[in-house]
Amino acid sequence: MGLGVCERCARLLEQLVAYVRKLSRELVERIKECVKAISECCCLRKKTTVPRTLYHPVVKEHERRAALELLQHLDADSVQEQQPHASETLHCSGSELTGRECLHALNTLAVSENHELQQSAAAYLLHLSQQLNKDLVVEMGILDPILDLLESEDPTVQCNSCACVAILATSDVNREAITSADGVLQILVLAKSYDPRVQQNAVGALLNLTRSERMLEALCREGALPVLALLLQSADSEVQFYSCCALRNVAAVPEYHPRMLGIGDCFLLKSLLSLLSSPVEKNSCQACLCLRNFCVNVRTQEELVALGGVSPLISLLSSPAVQKAESAISLLSALSQHPPNRGTLVEEGLVQAVGKLLLLHGNSSSTIVSHGAMTLCNLSATPTSQQAVMNSECVSRLLEALAAPSTTEQARICVASCLHQLSSLDLLKPLFAKEVTADHVSHLVSFADQTDNPELSFHAASTIGQLGMKDAPLLSPHSDVVLGYLLRFLKSQEVRFQQLAISTLSTLKNDGCFADAISGRLVQEQLLRVRMQTDRTSELLRTVPSPLPRLDEAPSAKGSEGSDP
């Protein structure tokens, strides 16, 4: 039988219980606050510069065993420097740890919720990627844990796993494996990371993937182009460089140009033009090279000129950095090939800039010499541009570059071709008569006499043929050599060499030093042979029953089927 209480006492007891509960809750909260305050006091902190980890997931037993196995393996010895085969076993502290068991340990740690374990796995995988044959790493099945680690929330893990992918992506086989395993999308996500280390490695991985043309379609399909274009505006110069290099690789394939140039309102072209002014030399150079790949399309050239791209490119020509100047002149040379661009290029002062460029780097860079000469050839078609050549030092710089020891054979051909074209222009003939010296003539004769380089020989001899009687005295010391190569030209099966020899002999026939030799037996016999050959060709042409139709004439209309003949 229970002890009964009155109604009043029952109410008092209920109030007491409620009061105690309230005090208990307040006490608990107060205790928690005190404990938290004490735990955060500096007096209890460890003397370390490493930030405290606020979240410590429980290490599960299978994760602990995997970590122990991996640690034992690392303690046993480092990965062999020689490249092992996929069938080899890995050894672990005196007991064999087979490849399957090691892979299982790595897979276990890669998907752990413990960031420290993920870091260990990522670091070890990075070590393997650096030490082993790249194809072997994927063959061993290690790509899967690497891609798992890309999804980690820990920046260190992301950084190391991206580095693994970047290393593995230097192999064609691995590139295909990465794209097949949907690794591109994961890399693109990390390319937008706010951690500069992660972003650099992610963009570096994308760059290595673009080195294979077969991978480009997969990259474009996953949305890599807009990401790379945006990264050109990154505050990190390394990220800018890697993204620009990647875009340059994609732009090397013209079929991707519409997709690339369709991003925004000329966004990519504007970003690349902005990068031209980068104080980082390699970034500016890569921007030039990327734009150069786009310039195979004349419409893109016109857009580039319309966006004001000529002025910053010409500014780069005055840079003391050779690579900057080389990149800029190669792009300007491409722009000068399209006739509608030439007026703007001349107005912007490109001819004078090329003259200064040849003075600055003409003796050290064959790339600059070649593209500078081609640019001048392309721009010399109008009186305005010819006047610009007269007002510059281009001709004298070209003559010096022709004989420079550092100039390659291919560059010499470009220079000789340019001199040939410029010397044939009536407006520039007085300039050549003024600029050409005895040394210049000596070098021209030497190149004209070469038998192992017909193109160089032809253009050098053509330039000599354009000099005229006024410069004939400069040829007198070389009369034997000149007559020697002219006789060889007359014997040539190429009509252009025969015609060049005849026109040069016609110019020199009134010079006392050459007159006797030209009227001599050897020269006259060769001229007679050429005349006979020409007469024979004329006779053969007369045997043709009807005149050959002109190329610009349309063939006569044919009757329709069923009509009378």
Side-chain angles (χ1 to χ4, degrees), residues 380 386 389-390 395-396 398-403 412-413 415-539 541:
S380 63
Q386 294 170 22
V389 171
M390 290 189 65
V395 171
S396 61
L398 288 171
L399 289 167
E400 292 174 5
L402 183 67
R412 279 200 178 91
I413 293 174
V415 173
S417 175
C418 182
L419 288 171
H420 172 196
Q421 179 168 325
L422 295 179
S423 63
S424 66
L425 300 173
D426 292 337
L427 188 61
L428 297 181
K429 285 183 181 295
L431 178 63
F432 271 83
K434 175 184 176 183
E435 295 289 346
V436 172
T437 66
D439 286 340
H440 294 151
V441 170
S442 177
H443 290 304
L444 285 168
V445 170
S446 175
F447 293 131
D449 191 43
Q450 288 192 5
T451 58
D452 56 347
N453 195 329
E455 286 301 311
L456 179 60
S457 175
F458 176 78
H459 291 301
S462 297
T463 304
I464 292 173
Q466 293 292 342
L467 294 180
M469 279 300 298
K470 187 174 181 180
D471 292 304
L474 296 177
L475 288 173
S476 299
H478 313 285
S479 58
D480 291 342
V481 178
V482 172
L483 289 171
Y485 73 67
L486 289 177
L487 281 171
R488 190 175 73 250
F489 289 177
L490 288 173
K491 298 175 184 179
S492 174
Q493 298 301 311
E494 291 190 59
V495 175
R496 62 170 181 161
F497 279 99
Q498 295 178 357
Q499 292 176 343
L500 173 59
I502 293 171
S503 64
T504 304
L505 289 170
S506 177
T507 301
L508 297 176
K509 67 182 180 181
N510 295 324
D511 180 75
C513 185
F514 289 92
D516 292 342
I518 292 175
S519 60
R521 183 175 60 85
L522 287 177
V523 174
Q524 290 302 314
E525 285 180 353
Q526 289 302 320
L527 287 172
L528 179 61
R529 187 190 66 82
V530 173
R531 179 181 299 170
M532 292 175 63
Q533 184 181 24
T534 304
D535 291 342
R536 177 59 179 161
T537 302
S538 299
E539 290 177 5
L541 288 173

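Judged by distance alone, the side chain of S462 and the main-chain N or O of F458 form a donor-acceptor pair under 3.5 Å.
Under the rule for a ring pair (Phe, Tyr, Trp, His ring centres under 6.0 Å), the partners of Y485 that lie at least two apart in sequence or sit in another chain are F489. In this view, S380 and Q421 satisfy the side-chain hydrogen bond (donor to acceptor under 3.5 Å, both in side chains) rule, not counting sequence neighbours. Qualifying side-chain contact (heavy atoms from CB on, under 4.5 Å) partners for T463, counting only residues two or more places apart in sequence or in other chains: L419, H420, S423, L444. Residues passing the side-chain contact (heavy atoms from CB on, under 4.5 Å) test with L505, sequence neighbours excluded: L483, L486, L490, I518, V523, L527. Listed by chain and number, the residues in a side-chain hydrogen bond (donor to acceptor under 3.5 Å, both in side chains) with K429 are Q466 (sequence neighbours excluded). For H443, there are no side-chain hydrogen bond (donor to acceptor under 3.5 Å, both in side chains) partners two or more places apart in sequence or in a different chain. When the side-chain contact (heavy atoms from CB on, under 4.5 Å) test is applied to S417, the partners found at least two apart in sequence or on another chain are H459. T437 meets the side-chain hydrogen bond (donor to acceptor under 3.5 Å, both in side chains) test with H440; sequence neighbours excluded. Residues passing the side-chain contact (heavy atoms from CB on, under 4.5 Å) test with S479 are C513, F514, sequence neighbours excluded.
Closest non-hydrogen pair, P473 versus P477, comes out as O-CD, 3.6 Å.
Side-chain contact between I464 and V482: absent, with no pair of heavy atoms (C-beta onward) separated by less than 4.5 Å. The shortest side-chain heavy-atom distance between L422 and L398 falls under the 4.5 Å cut-off.
For residues 522-534, the set of pairs meeting the salt bridge (charged side-chain N to carboxylate O under 4.0 Å, His left out) definition, not counting sequence neighbours, comprises R521-E525. For the salt bridge (charged side-chain N to carboxylate O under 4.0 Å, His left out) condition, the pairs that include at least one residue of residues 484-500, sequence neighbours left out, are D449-R488, E455-R496, E494-R496.
Once rounded to the nearest 0.5 Å, the distance linking CG of L467 with CG of L474 reads 8.0 Å. From I502, atom CD1 reaches atom OG1 of T534 across 6.5 Å, with rounding to the nearest 0.5 Å. Atom-to-atom distance recorded for K434:NZ and S396:OG is 10.0 Å, nearest 0.5 angstrom. Once rounded to the nearest 0.5 Å, the distance linking CG of L456 with CD of Q450 reads 5.0 Å. If you take CD on Q499 and OG on S492, they are separated by 11.0 Å, rounding to the nearest 0.5 Å. Here the CG atom belonging to L425 is positioned 8.0 Å from the CZ atom belonging to F432, to the nearest 0.5 angstrom.
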inquiry  = Apply side-chain contact (heavy atoms from CB on, under 4.5 Å) to residues V389 and L428 and explain how you reach the verdict.
reply    = CA-CA 8 Å; V389 171; L428 297 181; 4.2 Å; yes

